[in-house]
Enquirer: 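Next up is a structure, given as structure tokens.
When reading the values below, keep in mind they use all heavy atoms of this one structure, side chains included, and skip hydrogens, waters and symmetry mates. So you know, we letter chains A, B, ... as the sequences are listed, proteins then strands, and number each from 1. Quantities reported herein were computed from a predicted structural model and do not represent experimental measurements.
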Amino acid sequence: MCQIRLENIQKRFGDNPILADIDLTVEAGEFCVFIGPSGCGKSTLLRLIAGLDDASAGDIHIDGARVNDLAPAKRDVAMVFQSYALYPHMTVYDNMAFGLRHLKLGHDEIDRRVRAAAESLHLAPLLERKPGALSGGQRQRVAIGRAIVRQPKVFLFDEPLSNLDASLRVKTRVEIARLHRALGRASMIYVTHDQVEAMTLADKIVLLKPLAGQDGVPSIAQVGHPLELYHNPRNRFVAGFIGSPSMNFIDAALLNANAEGLVCSAGGISLPAAADATGLASASTVTLGIRPEHIVVGSGPLKGRVSHLEHLGEHSYAYLETALGTTPLVAKLSESSAQIGDTLTFSLPAPRLHVFDGAGDALPRLQRHDATPAALATH
Amino acid sequence: MCQIRLENIQKRFGDNPILADIDLTVEAGEFCVFIGPSGCGKSTLLRLIAGLDDASAGDIHIDGARVNDLAPAKRDVAMVFQSYALYPHMTVYDNMAFGLRHLKLGHDEIDRRVRAAAESLHLAPLLERKPGALSGGQRQRVAIGRAIVRQPKVFLFDEPLSNLDASLRVKTRVEIARLHRALGRASMIYVTHDQVEAMTLADKIVLLKPLAGQDGVPSIAQVGHPLELYHNPRNRFVAGFIGSPSMNFIDAALLNANAEGLVCSAGGISLPAAADATGLASASTVTLGIRPEHIVVGSGPLKGRVSHLEHLGEHSYAYLETALGTTPLVAKLSESSAQIGDTLTFSLPAPRLHVFDGAGDALPRLQRHDATPAALATH
Amino acid sequence: MTSQTLTSAAPARPSTAESSLQRSRQRMAWLLVAPALVVLLAIAGLPLARTLWLSLTDAQLSDLSTRQFVGLANYIGDAGVLADPEWWGAVKNTLWFSLLSVSLETVLGLAVALMLNHPSRLKTLLRAAVLVPWAIPTVVSAKMWTWMLHDQFGVINAMLLALGLIHQPLAWTADPDLAFTTIVLVDVWKTTPFMALLILAALQMVPSDCYEAAKVDGVPKWSVFLNITLPLITPAVLVAMIFRTLDALRVFDLIYVMTSNSRTTKSMSVYVREQLIDFQLAGYGSAAATLLFLMIALITVSYMALARRRMEGH
Amino acid sequence: ATLKISCGAVGQELELCKQSVAEWARKTGNEVQVVATPNDSNERLALYQQILGSGSDKIDVMQIDVVWPGILASHLADLKPLAGGAEKAHFAGIVANNTVGGRLVAMPWFTDAGLLYYRKDLLAKYKLAPPKTWEELATAAKKVQDGERAAGNDKMWGYVWQGRAYEGLSCDALEWIVSYQGGSVIDSASGKPSINNPGAVKALETAASWIGGITPKAVLNYGEEEARGVFQAGNAVFMRNWPYAWALSQKADSAVKDKVGVMALPKGGTNGRNAATLGGWQLAVSKYSKNQKLAAELVMYLTSSEVQKQRAIQGAYNPTIGALYSDKEVLQANPFMGNLYTTFTSAIARPSSVSGNRYNQVSNQFWNATHDVLSGKSDAKSALTALNASLKRLAPAGFVAAK
Amino acid sequence: MKRIEFTDVLYWLAVPPVLGFALFPFVYAIASSFKQGNALFSSDFWPKTWSLANYAGVFAEQPFGQNLLNSVLVAGGVVALSLTVSLLAAYALGRVSFRGRGVLMMTILGVSMFPQVAILSGLFELISALGLYDSLWALVLSDLIFTLPFTVWVLVTFMRELPKELEEAALMDGAGVLTVIFRIFLPLLWPAVAATSLLAFIAAWNEFLFALTFTLSGEQRTVPVAIALISGASSYELPWGNIMAASVIVTLPLIALVLIFQRHIVSGLTAGAVKG
Ligand SMILES: Nc1ncnc2c1ncn2[C@@H]1O[C@H](COP(=O)(O)OP(=O)(O)OP(=O)(O)O)[C@@H](O)[C@H]1O
Ligand SMILES: Nc1ncnc2c1ncn2[C@@H]1O[C@H](COP(=O)(O)OP(=O)(O)OP(=O)(O)O)[C@@H](O)[C@H]1O
Ligand SMILES: [Mg+2]
Ligand SMILES: [Mg+2]
């Protein structure tokens, strides 16, 4: 049992509101990933849960008990700090063993745990070094190691893999997932900027939004299963944030709408989309969104000139200048034979189009793009 | 003119050799990306170039002049430290402006540059803050800002985007590329763990290899255009390192080889591959490699059971248990409808297979997978 | 306004997380300060209170039991400390002395600290050597200087004469024009190591990556010093200065040994001792001590206010 | 019983004290601990005051300076009933000095007086007689000084003494003033300040005139040892100092060994008088002692003729018992004691008994005024006028009455 | 191989005068301590004949060895006590913000604002009342009056500079406050701790007034008092040679101490701790 419940959390630094109206439940054993633009308050939220900062308002419950007044040590939480916060005067071994010494574990048990963690984090040869003599990625791994040896009720990981190379990152990610499973009902809150990580690890993604405008809207933009956020973003912010390269947006005007879908026009071209715009007035402004990977290149009614190409080995991204708007559309080409300057034909499949109203809220999509893997499989 | 030439650089910490036999030329105006596993010595190499550490042996030339004995200040380099190294007592503005104050720039010019950089890094509202009141990503951007305002001959960027969210990362990346172009002939050395970044930005990738075994091999595993490393990895290390998820490796025995290709057998299944194994003895052990994105799923002679699935929105990765070996093969499915437990048919296209000899060196591929975009286009 | 008062008096959630976590931390803070406070109050509280009380009486050291309460007469009366021109002379001397010696010590201490911080094989020995003046008991070193500065058999005069810098031996401690300077110089000699060592410690705590960043940025050394080192060690320098100022304002031994009770160099502490011990005027002397305390407190407080303003304004 | 006595610090003084004390302890079967106290007399006084002021019985017998009886009287036991008239054998001046308010608070132990040391050899070389008056001294000093400097010793000075702002200056100044018939600062009969008179002015003017001429300016910060240093190094013709300097000047390594003469300080002009300030130490018993009687017995023993003689022979401590100045053994050890007998008997006490526990204030003002005159910050007339006034302020009703 | 830098030149120019100025009097003391009798009154620097008599005298005339030991005990005790107590206080004052902090800081500082003589008699009564008169404890306690404010203030200043994440990491690791102070902060504060303890040690070592007033027997005295007690044959004579010898003797242990402790004044203790 280590459900984490946040109720109406507010946090301000001086006069700056950073977090507002956060209501969130992380179930026992759940793997919850926080994502959001830099500076939106992810680390701050972790610190509130850990008890390192006080919320300006609101309650934090762990295991059903209100812990607002509980010291960090009493919350049985382990945290990987974004800045590592290693003990500079202790060896790697001692950095990891330090927390264990307070748990009244036997000497052997401590040693076993530390060595196991070091092994899985590829730190074994470095156990006697001090942090000052480690590379950035090695330091980060020590920080991870220090958290995982504790085996607490709640893990808080703040961008724990950001300085690791791709292959180590995958291995560590798998290790963390394994550990999470092994510990059974430990809850995990994990901050990352790597969407692959977020998508593959998360049971639930929480997308936070910066409160720059301080407009009284809550901090959480959307909570849900990763694919839910990918397929059914609730608004333009979520749609634009999830996916890389991000969704193309096209300003358009609504021509007509009915139960089967809508038609709108952009740059004089009319585009059908499978969304329910019946609530909107005709001619109202909407924004169309389509992900680069959903643009079908090679045939179709639309034309675009390749202004820039990014090659990524397996595939590439073409920047297409079209009549639809001023910003080029990014389209994914698998092993493109395109060259800069070429004109490509393409289409924007209606079921793939997202439509947002003037306020940026998504219109209901008419074809389900379901979120759960099970649903996906039947798709 | 700001070519950087490293000649036979060695670096050891105490008895530990970290870098060995580094011979490398970064041409004026070139964008060179260092990648490599965590702890392999990337930061160390940057520090040598910056003049913060002394090489144990070898020469460093910048602009044709040997700079080993030149103080960092005289080398006209700007560096983004992996640890940021911000001045804790200065505001964001001063952190960026400090280095400029000694360049005999006018006050207005300094202000202009700082504000421009702050604008492009989305730091404008934070100019009066001190680093202590910034989020991790914000600090990292200040570190970037401090380097770019200098407009030096050489840029050294040590994982500058690791703590930024995807969309900001893309924007900043574009900004850096733009700056690089704008400055014309400034050389850029850039460390990253993000392969997309490496692929999209680099004119040249340098893949470093850790010297854990201290076997006297040089530190540089391969140097070349990004696609060269992707398509024609020189050895198993490079093949495995480039690409995410990484290449699948299958242990196999050579059956026969001729000028058109080779056939080998793995788990009793014979697999043709388009590589030149004429130099190898028959029945010698080889390793086959194929990237997840190159496995053709849906038809073909091979069968695999889906043991695990990773959904990434746009596509997913299936872990296939096959008769070819014990480790599952990872295959990329675009919008898979597969479910765990399904059995899928697939093929491993012969032109897509990489073959490595017993020492791990790649055998020459018979079909060219060229590296340059021009070559790609005619492909 | 009423509603506001109401809400702040009875907030919706009576115990917000903030106050409670914070409060337990504050409780702990008090617990941690307690030993220091208890020790100080126990050993210093009583004597200080006694001094304050005595300053309001006409007590004599020879017979404290017959004292009478005289109010502020020891301070402001016709025969009060504040009416004594000698007191004001001592105040002037002390202030000048403190100002001169502390500023010289700070500058020199900083320079010596930088020197000690310079990587060199001599470092260890230098550190020990530089600390020697501080290590010699004041009474001894004051006498030693008196001896060395002696006009007839002092080595200083002998050397200066030999070097041709002076033509006649100087009466360093006797000449009213020279005595004050001499005392300041000896004090500087003695306490520069104090400053230097503390500043050295502060220098060592400056994060090294800042220096590396500045190096790469091509910042000249003087600017690194002015803009990075100095601001980062300022708090430590200020504390060292506070303690030096405190000591300088209470300077006693040095002046007492070197020039005895001469009015030219008399400090407030010498005055206090004279009244309190030599003249046995426990009441009057305590009043002088209290005035000295008040003056130091005033200077310290305004000094810190100034320092804070400067640091914040920066 | 166990007694604690403080006498001297270390060195010969302490040794002698220990020796006599042990002798007494052996004889009487008591135990005596000798406590070392600081050599600096100011520090010693402060320590006594501290201990006595708190009514502590840590010390039973203490050695006190000739000017302290007035200051410490209230803490000291009256020895008169216990002395059994033994005090009558001692110099009357000292006994009077030690009697405060009719109580004999201390027994004289050894005495001191200011003396004039001179270089026999130099005076002979320049065919000069030892000076009778300050004026003669100045002339002689000048002559020798100039002559010696011309002969190559440019460090030579005519006359050195104690000019630093401390008790020693009060002693020197008192000698000058008394020698010019200027009284002893406070009139002991009336208790009124008597310092503002022409004799005193003349005395100070004379002394001030020496500075820079026959006396180095640095004398303004000289104590006993600085003066002795100069003299003993052979760089001064005359020196004012206490008797202790004699033995040292006769040591083997002394530059002036066998060249030194000692005499009484000169008169102030032809109708002046010789004057030497009284110094020396007494033994007193603390009022808070648990064994006052026994302590008094120890004091009596230590101040007895027998012990004083021993100390005079072994340590050149001047006895306070007149008879000992004609004792052969004593004179053999200290030839000058015979000649200077009158100097010791007629030594001038500082106004310490009359000013009682304000003596230090009086002395402080006195030496400060003198120091101002000597250093040229003030002229003698106005300095003494001011001094007189401020002494009056100190005790508006006169000093005796104030006590 | 590297170019000679301007600062190096400056350094080597500065070393001789600084050394000269700092050491000259001490060397003079050493030279004087070997002089005898009248040689002390000559302006020659080095003695013509070297004599150890002064050193022998110092030890012969008083329990100087015991005095040295007392000084070590007192100064060591004072430093140990004030460091322990002030580390605790410094943590609270430097890293927790609570109301009354400024007042507390000023109160602590205020204690050392009175001239020593002014609190002497009060302290004397206190010490007597506690029955500590003439014991080393009296000195340990009274010396705290000036060392404690100093150590508290300095440690507060330095403790403030340490990154807060370190403390937080320790708290997350379940460390108590004491662990944080002594296991995490103390090792990182070594430069400050070494410097302050050296300064405080020397201050306590050289303290004179309290040591004189609160002890009486030769066996309980500390070296500065012992030096003041050295006297010549008569009360006017200043046994300069002995005093110099004693001063040299008391200074040597301090120099040794500096040599040992200065190693802890090293930089880079926090390297690798936090990023940013
Ligand atoms: N002071 C030192 N003493 C000993 N070894 C060191 C020291 N500093 C770094 N190393 C080692 O040198 C190797 C290279 O370090 P470097 O920081 O260059 O790695 P890196 O390639 O930048 O790694 P990362 O991607 O993790 O930042 C690491 O294995 C590190 O442990
Ligand atoms: N002490 C402070 N005072 C004022 N503002 C602060 C302070 N600390 C953080 N902030 C601000 O609060 C916001 C949230 O910071 P936080 O560290 O939680 O961001 P984050 O989501 O973790 O960002 P990143 O991905 O860059 O690490 C940031 O905009 C930051 O500037
Ligand atoms: Mg963060
Ligand atoms: Mg690195």
Enquirer: Do D/Gln50 and E/Leu120 pass the side chain to side chain contact (heavy atoms under 4.5 Å, CB included) test, and can you show the C-alpha distance, the side-chain angles, and the key distance before you say yes or no?
Expert: CA-CA 8 Å; D/Gln50 195 62 66; E/Leu120 197 62; 3.7 Å; yes
Enquirer: Is atom CH2 of D/Trp246 surrounded by more than 12 heavy atoms (other residues, nucleotides or ligands) closer than 6.0 Å?
Expert: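 Counting neighbours around CH2 of D/Trp246, more than 12 heavy atoms of other residues, nucleotides or ligands fall under 6.0 Å, so yes.
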Enquirer: Answer with side chain, backbone, both or neither: which region of D/Glu225 has an atom nearer than 4.5 Å to a non-hydrogen atom of chain E?
Expert: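 Backbone plus side chain of D/Glu225, per the 4.5 Å heavy-atom cut-off to chain E.
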Enquirer: Taking all atoms of both residues into account, what is the closest heavy-atom pair of E/Leu216 and D/Ile51, and its distance?
Expert: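 Nearest pair, atom of E/Leu216 first, then D/Ile51: CD1-CD1, 4.0 Å.
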Enquirer: Check E/Ala228 against D/Glu43 and note the closest heavy-atom contact, atom names and distance.
Expert: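 Between these two residues, the closest heavy atoms are CB-OE1, 4.4 Å.
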Enquirer: To the nearest 0.5 Å, what is the distance between NZ (D/Lys4) and OG (E/Ser217)?
Expert: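 Going from the NZ atom of D/Lys4 to the OG atom of E/Ser217 covers 7.5 Å.
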Enquirer: Which answer fits D/Lys257, side chain, backbone, both or neither, if we ask what part of it has an atom under 4.5 Å from a heavy atom of chain E?
Expert: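 Interface part for D/Lys257: neither.
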Enquirer: Side chain, backbone, both or neither: which part of E/Ser121 has a heavy atom under 4.5 Å from chain D?
Expert: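 Contact with chain D: backbone and side chain both.
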Enquirer: Tell me, for E/Phe214 versus chain D, whether the close heavy atoms (under 4.5 Å) come from the side chain, the backbone, both or neither.
Expert: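 Neither the backbone nor the side chain of E/Phe214 comes within 4.5 Å of chain D.
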